Each structure stands twice: as C-alpha cells, then as structure tokens.
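Here is the naming used below: chain letters follow the sequence lines, and residue numbers restart at 1 for every chain. Note that the coordinates shown come from a computational prediction; the quantities given were computed from them, not determined experimentally.
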Amino acid sequence: MSDSIAIGVSGMKAMQQVVETLSANVANVNTPSYKRVEPQMKTIGFSSWLPAEGDENTAALNTSVSSGVRFTAPRRAMTEGQLKKTDRALDLAIRGNGFFPLNRPDGVVVYTRNGDFRADAEGFLVDANGYRLASDIQIPTDAKNIRIASDGRVYSTINDKEEELGQIELASFGAPEQLAYENGGIYRPTDASGEAEISPIADGKGGTIAQGYIETSNVKIVDEFVSLVVAQRAYEANAKMVQAMDEMSSLANGLLKG
Amino acid sequence: MDLYISLSSSLSRDMEQMNSVALNIANAATPGFKRWIQPQTDVTQTHQNTTWGERDLSAGKLIVTDSMLDVYLPEGVYLAAQHTGQDVFVRGGQLRVNTDGQLVNENNSRIQVDGATGPLNGVALISADGRLINQNGETLGHLKLAKSSQAQLIDNGVYRLENIQDIPNGVAVIESGAYEGSNVQITDEMVSILKTMRHLESAQHILKHEDALNERLFSALAKF
C-alpha cells in the first residue's frame with residue numbers, strides 16, 4: 001500500500017519541478033535570446049532487462065514494476081526568437097542556429113546568442129556580462145558609423161573613409177540543445193553537444209548577423225500558462241491519489257476495531 | 001473460513017490495484033507513457049498471485065512543439081530502432097542527432113535510417129513520409145517505419161512487434177513538430193480510485209458482518 005503513496009508523492013514532486021521550470025520560462029519572457037526550457041519526465045524503474053532474441057519467457061515482463069515518475073534534465077528549445085529592431089549599432093542578432101564565441105576572463109571560451117554588445121574601455125566589443133567577443137573586434141575611439149554586414153564583417157568610418165575592422169565569427173554545435181546553460185545567457189559545450197565549430201560566416205554555418213536587432217525570448221506566454229494549469233491539475237490528481245490511499249489504509253486498519 | 005480468505009484477498013488486491021492507478025496518474029504527463037489497465041478482480045481466485053495488468057497501447061495525446069525533429073506517429077505505427085544493441089521498435093518521440101551523427105530519441109535508442117550515406121548532422125526537418133531533410137532541401141535518409149497491431153512494451157518506450165507490415169517510402173504517416181504524450185486520462189483514473197475505494201469498503205463491510213455473525217455463533221455454541 002505504501003507503494004501507491006510513494007508513487008503519488010513522486011508524481012507530486014515531479015509536477016512541482018514542472019511548475020518551477022515553467023515559472024522560470026515566464027520570468028524570462030522579456031530576457032533577450034532566452035530559450036524556453038521544456039520540462040521532461042520519465043517513468044522510474046521499468047525493467048531495463050530486454051529478452052534475448054528468441055527468448056519466449058515473457059513472464060518477467062508482466063511483473064516489471066515501476067515506482068512512479070521522475071523529473072529528468074529538461075530540454076532547451078533552441079528555436080529562434082523573433083528579432084526586435086533597436087537601431088543600436090552594436091545590437092546584433094543571429095539569423096540561424098549559431099552562437100557568438102566569447103573569451104571569459106578565466107580563459108574559457110563560452111558562447112551566447114545575446115548580441116547586446118558594447119565597446120569596453122579599450123574599444124573591444126564585449127557582451128552584457130563584460131566578456132570580450134572572441135573575434136577581438138577593436139573599435140578605434142575616433143570611429144564613426146559602425147556598420148556590421150550580414151557576413152559579420154565590421155566596418156567603420158574613420159576620417160571619412162570606411163575601413164574594415166575585422167570579421168565576427170560564429171560557433172555552431174552538432175547538438176545545440178545539449179549545451180549547458182549558465183546565468184547571463186551563457187552556454188558551455190558538453191560531451192553531448194559536441195565541440196564548437198567556429199568559422200567565418202561566409203561558409204553558411206551558424207547563420208548570418210542582423211545589425212540593429214536583438215533576438216527576443218522564444219517563450220510564448222500563453223503556452224506557458226496552459227502548461228502551468230495542466231501541471232497544477234496533475235499535481236492535484238496525485239495529491240488526491242495519496243489521500244485516497246490513506247483513506248483505504250485507514251479502512252483496512254479499521255477492520256480490527258470491530 | 002473460505003469467505004475470510006476470499007475477502008482478505010479482495011482487500012489486498014484492491015490496495016494493489018491502487019498502485020496501477022497511482023502509476024497512471026504520476027505518469028499523466030510523461031511522454032509516450034502507456035497506461036496500465038486495471039487487472040480484473042476475481043475474489044474466487046484466492047490463491048492467484050497478484051499480477052500487473054496489461055498495458056493500453058493506444059496512441060497518446062499529440063503535443064505540439066517547435067522542434068521539427070519531434071515526431072508523432074498514428075496508432076500501430078512504429079520506428080525501427082536499436083536499444084542496448086538489440087533491434088526493437090519505438091513510438092517516435094523527441095528525436096535529435098547526437099555528436100556521432102546518429103539519430104536518437106529521448107531514451108537514447110538509435111533510430112534506424114535507410115539510405116543514409118554519412119552522419120546525419122544538419123537534419124532540419126522530418127517530412128510526413130519520414131524523409132530526413134537538411135536546410136538545403138536535400139534528403140539525407142528515410143526513417144524505417146513499421147506497422148503492427150501486435151506490440152509488446154518491453155521497456156520504457158521500447159516495443160517488440162509481431163506480424164510486422166512494412167510501410168513503403170512515400171506514404172505520409174508522420175506528424176512532425178509534435179510528440180506523443182501520455183495516454184492517461186486523469187478523469188478515468190479518478191473514477192477508478194472511487195470504484196476501488198467503494199469496492200474495498202463493501203468488502204470491509206461484509207467482512208465485519210461475517211465476523212459479527214461468527215462471534216454470535218461462537219458465543220451461542222459456548223452456552224452448550
């Protein structure tokens with residue numbers, strides 16, 4: 001009997017984590033380039049035993065017992081958010097599935113899709129966290145009219161003459177949805193995502209750059225609210241299950257009282 | 001004393017039936033979960049071991065996503081796959097290309113692809129007839145589809161099929177951009193809870209009455 005209670009509790013816990021995940025999505029609806037997280041659940045403990053070829057003994061299959069549900073590593077939906085026009089010269093959005101590689105001060109290369117760049121004290125392009133763009137684009141102090149082409153080439157007008165300052169490279173991954181996410185819109189490669197392939201935009205990998213735009217979050221608030229309602233109802237159903245099992249146990253225990 | 005044995009067996013079976021309801025409710029939002037069907041209670045079979053019921057293999061709810069590699073298959077249609085080195089079948093799901101360029105699902109079952117000449121990195125879309133298409137519109141391979149009405153669930157999301165019928169290339173059966181949710185209906189499960197509770201209550205009442213009758217019988221006998 002305690003099995004049913006444990007199963008119900010596992011359902012309640014999983015649903016609680018679903019609500020937490022969905023709340024994080026709702027909270028980040030206005031965070032540039034935020035990618036929504038899809039809660040994922042798995043049944044616990046179905047037999048991992050598979051009968052060998054030609055094995056007729058299937059009795060064990062019927063007795064496979066599972067003991068509820070668990071919340072597993074959520075999946076990040078890497079679909080592109082809409083591009084919002086800002087007209088800021090250093091706001092860059094990626095059209096495609098690439099990432100901007102950044103040099104973190106500790107020497108590790110990390111990745112972001114948030115193209116809210118600015119020039120630091122030395123004129124290097126840095127992201128919102130202050131990490132320098134790995135392509136090391138330095139903007140001279142007397143530069144005017146910064147123009148960034150869709151292939152990532154950065155031009156500026158110095159003494160009324162347009163000069164090329166360098167080219168922004170983009171990184172692409174075999175399985176971007178498997179990247180590890182850190183605060184501040186930063187991604188790190190994992191074994192599952194594969195190593196970054198950093199290349200100039202000309203070869204078509206990673207997408208192209210749109211100057212004067214910011215990628216918005218891909219969270220759709222209505223979808224999140226619908227999912228929240230469903231999760232809440234599922235939580236209640238699990239709670240009712242626990243309550244019902246408690247009542248049944250109490251009836252069974254009451255047999256002896258006469 | 002047969003009635004005692006029958007009723008106590010019925011009581012414990014009711015409690016165990018609640019396990020399958022609990023599992024169904026807990027997995028009401030688990031992708032691809034197939035509900036446990038309530039085992040039939042037969043109080044005359046007192047010595048039968050409790051067995052789990054069958055699984056209801058009907059198709060689950062269609063859940064729309066933004067990923068064009070998520071696939072939803074109609075009932076009875078499966079994808080050929082490999083799981084822990086064995087040839088099995090799966091019901092679509094959330095597919096992705098792993099770093100080795102192989103197509104896998106959320107349980108890391110490797111999906112079999114016909115006609116693939118190299119790694120599948122770059123697959124952007126799965127067409128309704130199972131073609132894997134990259135961003136330039138080129139076909140990189142076909143999903144291997146199979147149809148069967150005799151399936152057995154042998155692990156989470158993993159099936160073994162009998163009487164397999166192949167689905168020829170070009171037949172549109174796949175809904176991409178969606179995956180299969182659980183086939184549990186919470187309302188049905190709530191009704192099952194009520195039914196099981198009432199069943200247990202009635203068995204408990206009979207047991208109590210039987211006990212009271214026996215007590216009267218024994219006390220009457222004791223007077224002789």
Side-chain angles (χ1 to χ4, degrees), chain A residues 1 3-8 10-12 14-15 18 38-43 46-53 58 61-69 75 77-79 174-175 177-178 191-195 218 230-231 233-234 237-238 240-242 244-245 247-249 251-252 254-255 258, chain B residues 11-12 14-16 18-23 25-31 33 49 51-54 64-67 83-88 94 96-101 106-107 119 121 135 152-158 160 182 186 189-190 193-194 196-197 200-201 204 207-208 211-212 215:
Chain A
M1 67 177 180
D3 269 5
S4 308
I5 292 179
I7 293 164
S10 81
M12 288 168 77
M15 287 307 154
V18 169
E38 293 173 8
Q40 297 281 294
M41 274 164 294
K42 274 202 172 132
T43 306
F46 200 106
S47 159
S48 58
W49 169 80
L50 281 173
E53 199 63 34
T58 54
L61 296 175
N62 296 328
T63 53
S64 310
V65 175
S66 54
S67 50
V69 67
R75 178 170 77 146
M78 297 308 287
T79 51
E177 68 285 351
Q178 301 291 324
D191 288 344
S193 72
E195 285 301 311
N218 67 354
V230 171
R233 293 288 167 259
N238 279 293
K240 287 228 165 69
M241 174 69 229
V242 173
M245 199 56 210
E247 279 176 38
M248 283 176 70
S249 308
L251 279 173
L255 277 172
Chain B
L11 285 173
S12 48
D14 282 339
M15 300 287 240
E16 274 150 8
M18 288 294 267
N19 279 350
S20 56
V21 180
L23 278 174
I25 292 175
N27 287 288
T30 306
F33 180 79
N49 289 333
T51 54
W52 285 83
E54 295 290 308
V64 178
T65 66
D66 290 328
S67 170
H83 190 75
T84 59
Q86 294 189 41
D87 284 339
V88 293
Q94 301 165 0
R96 63 183 168 86
V97 179
N98 67 12
T99 46
D100 299 330
E106 69 272 23
N107 296 324
N121 299 90
Q135 277 183 328
Q152 190 183 20
L153 193 61
I154 54 173
D155 201 345
N156 286 327
V158 179
R160 195 159 56 177
S182 164
I186 294 235
E189 301 306 324
M190 287 293 149
I193 293 182
L194 287 177
T196 315
M197 281 181 80
L200 180 125
E201 272 175 32
Q204 186 221 23
L207 201 58
K208 273 189 171 176
D211 198 37
E215 201 178 322

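Between chain A and the residues T65(B), N98(B), N107(B), L200(B), the largest count of heavy-atom pairs under 4.5 Å involves L200(B). In terms of non-hydrogen atom pairs under 4.5 Å with chain A, the most contact-rich of L194(B), V64(B), I193(B) is I193(B).
For M12(A), no part sits under 4.5 Å from any heavy atom of chain B, backbone or side chain. Using a 4.5 Å cut-off between heavy atoms, M197(B) contacts chain A through both its backbone and its side chain. With a threshold of 4.5 angstrom between heavy atoms, V21(B) approaches chain A through its backbone and through its side chain. Only the side chain of I186(B) has a heavy atom closer than 4.5 Å to any heavy atom of chain A. Both the backbone and the side chain of A244(A) come within contact range of chain B, with heavy atoms under 4.5 Å apart. For A29(B), the parts sitting under 4.5 Å from any heavy atom of chain A are the backbone and the side chain alike. With a threshold of 4.5 angstrom between heavy atoms, A192(A) approaches chain B through N, CA, C or O but not through any side-chain atom. E195(A) does not touch chain B: none of its heavy atoms, backbone or side chain, sits under 4.5 Å away. In this structure, chain A has heavy atoms under 4.5 Å from both the backbone and the side chain of T196(B).
Considering every non-hydrogen atom in both D191(A) and T99(B), the closest pair reads O-CG2, 3.6 Å. Pairing each heavy atom of N19(B) with each of I7(A), the nearest pair is O-CD1, 3.9 Å. Among all heavy-atom pairs drawn from G254(A) and K208(B), the shortest one is O-CE, 4.0 Å.
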